[in-house]
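Written out below as structure tokens is the structure these notes cover.
Remember, predicted model here, so these are calculated numbers, not experimental data.
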Amino acid sequence: MHRYRSAQSVAILAGALVLSGCGSAESASAPSASSSQSASSPSSSPAATASPTLPTEEPSPTATAEPTATTTTYTTADGILSFEHPADWTVVDGPAPAADSPAEVVSVVDGTGRTMATLTTGYPGVHDAAMFSPSQPTELDYLELPAEQLPLVFADSVNAFNYQLIYNPNTGVTGAVMSINNLRVGGDHGWLRGIDTDAATGAAFSRWIDGTESLPGVDPGLAGSQEAYEAYMATPEYEAVKTMLLSLRTAG
């Protein structure tokens, strides 16, 4: 990864990133019921009269559940990117970028107002920029996106979901970050959390988890530890955020 980008680009990236804080219906049919009766008798006895055949019982119709919308699609104001989020989560404007930044920022919040992710678009591209943390991040989860979903701007790059335990040099706090970025797993680890949308412009879609945040489904006593962030991976909330981030794609 190149590391040649102006201090302004790096500052914009850092500022933006720190701000980031269905069913199937089963059908059952009743078995057909029929009865038959046969009788045998000695040849000297009169012929037996056959019993009438009972009518076949028709299966009752099974109700089919109507599909329920569980996600909602959001498309950025510039019409470049879109993603799916749970229907009970909301996309809101902000937090506001720096006064001199061309970036646009929206956040996805859950029903209680907690920020699940922040999407920043329209800032200077990320291909040649990187900010390195004082400590090596710990990889917790990684998955590359299909090229047809989010086309690569540079052939030597990659678009991927990444979940890392990382030190935030802006706050001095060790936390974790879930993001869509252009870092290869096991490669040159930077604190960069973004992708290229064209040769000059980038975007960042991420969730920063502060070391003091109470995570649902995780023992509060583990807060801030690697064990807490690993345990979080087994929760429905983590899966929902990961699915949302992985849905990022070129709109249209």
Side-chain angles (χ1 to χ4, degrees), residues 16-27 62-97 103-123 140-151 159-164 175-181 193-195 197 202-210 212-218 220 228-252:
L17 297 171
V18 171
L19 291 172
S20 167
C22 241
S24 63
E26 294 182 358
S27 62
T62 302
T64 302
E66 292 295 326
T68 302
T70 57
T71 60
T72 299
T73 301
Y74 173 82
T75 301
T76 55
D78 57 14
I80 295 176
L81 299 172
S82 65
F83 64 87
E84 306 285 333
H85 64 84
D88 57 348
W89 293 2
T90 307
V91 178
V92 298
D93 291 332
E104 295 183 5
V105 185
V106 295
S107 294
V108 184
V109 298
D110 69 4
T112 66
R114 294 171 59 239
T115 299
M116 295 290 99
T118 296
L119 174 63
T120 304
T121 58
Y123 61 72
L140 299 178
D141 198 2
Y142 182 89
L143 184 64
E144 292 187 10
L145 276 68
E148 61 271 18
Q149 175 181 330
L150 198 60
N159 292 324
F161 165 81
N162 200 293
Y163 179 42
Q164 291 180 326
V177 63
M178 303 171 67
S179 68
I180 300 298
N181 58 67
R193 298 271 76 85
I195 61 171
T197 52
F205 194 23
S206 62
R207 164 160 162 67
W208 169 259
I209 307 171
D210 190 270
T212 61
E213 182 175 345
S214 178
L215 297 171
V218 178
Y229 300 123
E230 290 174 341
Y232 183 53
M233 294 171 64
T235 66
E237 181 177 281
Y238 175 87
E239 189 61 33
V241 175
K242 178 180 178 180
T243 299
M244 176 178 66
L245 294 177
L246 282 169
S247 73
L248 185 68
R249 63 185 182 276
T250 301

Atom CG of residue position D88 - does it have more than 12 heavy atoms of other residues, nucleotides or ligands inside 6.0 Å? yes

Test your reading of the model: is there a side-chain donor-acceptor pair from R207 to the backbone of S179, 3.5 Å cut-off? no

Measure from the side-chain N and O atoms of Q149 to the backbone N and O of L246, and report whether any donor-acceptor pair falls under 3.5 Å. yes

Go through the side-chain N and O atoms of S107 and T118 and say whether any donor and acceptor fall under 3.5 Å apart.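 The criterion, which ignores hydrogens and geometry beyond distance, is satisfied for T118 and S107.
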
T72 vs E84, side-chain contact (heavy atoms from CB on, under 4.5 Å): CA-CA, chis, key distance, verdict: CA-CA 5 Å; T72 299; E84 306 285 333; 5.9 Å; no

With salt bridge (Lys or Arg N to Asp or Glu O under 4.0 Å) as the test, would you mind laying out the steps for R114 and E213 before giving the verdict? CA-CA 10 Å; R114 294 171 59 239; E213 182 175 345; 3.1 Å; yes

Hey, mind stepping through T71 and T243 against side-chain contact (heavy atoms from CB on, under 4.5 Å) and telling me if it holds? CA-CA 11 Å; T71 60; T243 299; over 6 Å; no

Could you tell me which residues satisfy salt bridge (charged side-chain N to carboxylate O under 4.0 Å, His left out) with D78, sequence neighbours excluded, listed by chain and number?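 D78 satisfies salt bridge (charged side-chain N to carboxylate O under 4.0 Å, His left out) with no other residue.
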
In chain order, what residues pass the salt bridge (charged side-chain N to carboxylate O under 4.0 Å, His left out) check against E239, with sequence neighbours excluded? none

May I ask you to say whether E237 pairs ionically with K242, meaning some side-chain N is under 4.0 Å from a carboxylate O? no

Criterion side chain to side chain contact (heavy atoms under 4.5 Å, CB included) against V108, the qualifying member of V91, T90, V241: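 Single pass found, and it is V91.
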
Please lay out, stage by stage, how T76 and L119 fare under the test side-chain contact (heavy atoms from CB on, under 4.5 Å). CA-CA 9 Å; T76 55; L119 174 63; 3.6 Å; yes

By ring-ring contact (aromatic ring centres under 6.0 Å, His included), Y238 pairs with (sequence neighbours left out) Y163, Y232

